[in-house]
**Student:** 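Got a structure for you, questions after.
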Amino acid sequence: MQIGIVSTGVYLPETYVTGAEIARLAGIPEQVVEEKMGIRKKPVPGPEDHTCEMGIKAAKRALEKATLDPLDIDLVIYIGEEYKEYPLWTAGIKLQEEIGARNAWAFDTALRCGTTVMALKLAKGIMLSDPAINTVLLAGGYRNGDFIDYQNPRTRFMYNLGAGGGAIILQKGHGRNVLLETEMITDGSFSEDVVVVAGGTKNPISVESLERGLYQLDVLDPKGMKERLEQKSMDNFLKVIRRSVGKSGFDEKDIAYVGMLHMKRSAHDHVLRELGLTEENSIYLEDYGHMGQIDQILSLELAEKAGMLKDGDVAVLVSAGIGYAWGATTIVWGKGVL
């Protein structure tokens, strides 16, 4: 039974911060931000751009594009960040209510920036195992840029964090944009390297923790993380792509498009070179920054609008998330031959 992508939806805040502004805030050269980090600008949330709310807006756009009645949705999976409107809250149920999917049931799932790729695998498994679930909506928002202190050099690799919402609608028996196999790798040796120190049971919120800025993202062992991550990151990134494509019955030479998360320009280019691809086979998100798990949805939608995807193209969505997690999903775009 084929499961295909019916539509996608993206919501972006109207307000942006430029690479030049980030350089000024961080006290580093503008050239470093724009060329090395690859940030020309990135969206930042406005007063009403709450995490789940951005997912709701993206979901409504996906439904409109699909001309789909929300009552036909059987399951809603929230793929947005845990940082949202309330600290303890099931956002998927709110999203379900706001879009009118009253015949569905909902839950939240999370794997940091790897959430969308992981959730595609999860949704496919649920759909294949349950005959009552035919249409699934994945949606959520991201605004972890709120946790960034531009004066903290330990978090420099996260200066690209932005804000936005994304949604994907999957349907059983949909013969277009067919979802194939997903490959995931997680490595717990990085699990406590990047955290927001205050706010959990180890370090509850207090006046002291707020004054010390412990409510922001930080890297607890920057030297150790860099040494360990450099040995594994690109290898695992490429490994999940190749395994996903191979499990789907293709070879890496068949890849026509790679929907990548935003990362420094040299890393993006390295992945393409290793796969024998060029900049024509991907979109570098230098005008959007990194919106976590929304990046893959955004990349896919931008590629579709730009006419970069044609019937039968093998597209791969790939992610890497703090924790550390790597994931890739293969899709045959349009009306492909399987």
Side-chain angles (χ1 to χ4, degrees), residues 1-10 52 55-56 58-63 65-66 68-82 90-96 99 101 103-142 165-186 240 243-244 247-248 259 261 292-301 315-319 321 325-333 338:
M1 173 66 73
Q2 291 183 341
I3 291 171
I5 297 174
V6 178
S7 69
T8 60
V10 170
C52 181
I56 291 167
K60 288 179 177 179
R61 292 180 181 183
L63 286 164
K65 284 169 60 178
L68 183 70
D69 188 335
L71 295 176
D72 291 332
I73 297 172
D74 302 303
L75 175 64
V76 172
I77 303 178
Y78 177 76
I79 58 171
E81 261 303 325
E82 289 180 298
T90 306
I93 297 175
K94 170 67 172 178
L95 197 149
Q96 169 199 359
I99 65 169
N103 292 328
W105 60 280
F107 67 90
D108 295 4
T109 191
L111 190 62
R112 299 287 69 75
C113 304
T115 302
T116 294
V117 171
M118 177 271 288
L120 287 169
K121 180 179 180 67
L122 179 63
K124 181 180 178 182
I126 293 173
M127 295 171 82
L128 291 177
S129 66
D130 189 338
I133 297 179
N134 297 299
T135 304
V136 177
L137 167 70
L138 286 65
Y142 183 96
I168 297 179
I169 298 174
L170 302 176
Q171 198 163 67
K172 196 182 293 181
H174 188 69
R176 297 184 62 83
N177 314 322
V178 175
L179 184 65
L180 298 180
E181 299 302 317
T182 297
E183 179 70 13
M184 301 294 306
I185 296 173
T186 57
V240 292
R243 286 181 178 176
S244 170
K247 285 163 61 176
S248 300
L261 75 164
Q293 54 269 44
I294 308 304
D295 282 7
Q296 292 79 34
I297 304 172
L298 172 63
S299 183
L300 196 61
E301 189 159 298
V316 182
L317 306 183
V318 59
S319 64
W326 297 265
T329 292
T330 299
I331 299 163
V332 173
W333 194 256
L338 297 177

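All heavy atoms count here, side chains included; hydrogens, waters and symmetry mates do not.
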**Student:** Does Lys94, at its NZ atom, have more than 12 non-hydrogen atoms belonging to other residues, nucleotides or ligands within less than 6.0 Å?
**Tutor:** no
**Student:** State the OG1-OH distance between Thr116 and Tyr142, to the nearest 0.5 angstrom.
**Tutor:** 11.5 Å
**Student:** Salt bridge or not for Lys65 and Glu301, using N-O below 4.0 Å?
**Tutor:** yes
**Student:** Under 3.5 Å, side-chain donor or acceptor atoms of residues 71-82 against the rest of the protein: list the pairs with distances, not counting sequence neighbours.
**Tutor:**
| residue | atom | partner | partner atom | Å |
| --- | --- | --- | --- | --- |
| Asp74 | OD2 | Asn134 | N | 2.8 |
| Asp74 | OD2 | Thr135 | N | 2.9 |
| Tyr78 | OH | Glu81 | O | 3.3 |
| Glu81 | OE1 | Arg112 | NE | 3.4 |
| Glu81 | OE1 | Arg112 | NH2 | 2.7 |
| Glu81 | OE2 | Arg112 | NE | 3.3 |
| Glu82 | OE1 | Arg112 | NH1 | 3.2 |
| Glu82 | OE1 | Arg112 | NH2 | 3.0 |

**Student:** Can you name the closest pair of heavy atoms from Cys52 and Ala91 and give their distance?
**Tutor:** SG-O, 3.6 Å
**Student:** Are Leu128 and Met1 close enough that some pair of their side-chain heavy atoms sits under 4.5 Å apart?
**Tutor:** yes
**Student:** What's the spacing between Leu298 CG and Leu261 CG if we round to 0.5 Å?
**Tutor:** 11.5 Å
**Student:** For a quick test of reading the model, state the closest non-hydrogen atom pair linking Gly259 to Ser299 and the distance between them.
**Tutor:** CA-OG, 3.3 Å
**Student:** What do the steps show when you test Leu317 against Leu120 for side chain to side chain contact (heavy atoms under 4.5 Å, CB included), and what is the final call?
**Tutor:** CA-CA 10 Å; Leu317 306 183; Leu120 287 169; 4.2 Å; yes
**Student:** Roughly how far apart are Gln2 CD and Leu180 CG, rounded to 0.5 Å?
**Tutor:** 8.5 Å
**Student:** I want to check something: taking the side chain as every heavy atom from C-beta on, are Ser319 and Gln296 in contact at a cut-off of under 4.5 Å?
**Tutor:** yes
**Student:** Apply side chain to side chain contact (heavy atoms under 4.5 Å, CB included) to residues Thr109 and Met118 and explain how you reach the verdict.
**Tutor:** CA-CA 9 Å; Thr109 191; Met118 177 271 288; 3.1 Å; yes
**Student:** Start with the C-alpha gap between Ile5 and Leu300, add the side-chain angles, then the distance that decides, and say whether side chain to side chain contact (heavy atoms under 4.5 Å, CB included) holds.
**Tutor:** CA-CA 11 Å; Ile5 297 174; Leu300 196 61; 4.2 Å; yes
**Student:** Show your working on side chain to side chain contact (heavy atoms under 4.5 Å, CB included) between Val318 and Val117 and close with a plain yes or no.
**Tutor:** CA-CA 7 Å; Val318 59; Val117 171; over 6 Å; no
**Student:** How many angstroms lie between OG1 in Thr8 and CD1 in Ile294, if you round to the nearest 0.5 Å?
**Tutor:** 11.5 Å
**Student:** Taking all atoms of both residues into account, what is the closest heavy-atom pair of Ala106 and Gly92, and its distance?
**Tutor:** CB-O, 3.4 Å
**Student:** Which atom pair, heavy atoms only, marks the closest approach of Cys113 to Gly292?
**Tutor:** SG-CA, 3.6 Å
**Student:** How far does CD of Gln96 sit from CD1 of Ile56, to the nearest 0.5 angstrom?
**Tutor:** 11.0 Å
**Student:** Could you work out, with salt bridge (Lys or Arg N to Asp or Glu O under 4.0 Å) as the rule, every residue matching Arg243, not counting sequence neighbours?
**Tutor:** Glu183
**Student:** Identify the two heavy atoms, one from Ile169 and one from Ala66, that lie closest to each other, and give their separation to 0.1 Å.
**Tutor:** CD1-CB, 4.4 Å
**Student:** Provide the closest heavy-atom pair for Met127 versus Ile3 in the form atom of the first, atom of the second, distance.
**Tutor:** CB-CD1, 3.7 Å
**Student:** Between atom CG of Leu63 and atom OG of Ser7, what is the distance when rounded to the nearest 0.5 Å?
**Tutor:** 7.0 Å
**Student:** Got Gln171 and Leu68 here, is their nearest side-chain heavy-atom distance under 4.5 Å?
**Tutor:** yes
**Student:** Quick one: side-chain contact (heavy atoms from CB on, under 4.5 Å) partners of Ala325, sequence neighbours excluded?
**Tutor:** Leu111, Thr186
**Student:** Between Glu181 and Lys124, is there a side-chain N and carboxylate O pair less than 4.0 Å apart?
**Tutor:** yes
**Student:** Under the criterion side chain to side chain contact (heavy atoms under 4.5 Å, CB included), which of Leu95, Val6, Ile168, Leu170 is the partner of Leu137?
**Tutor:** Leu95
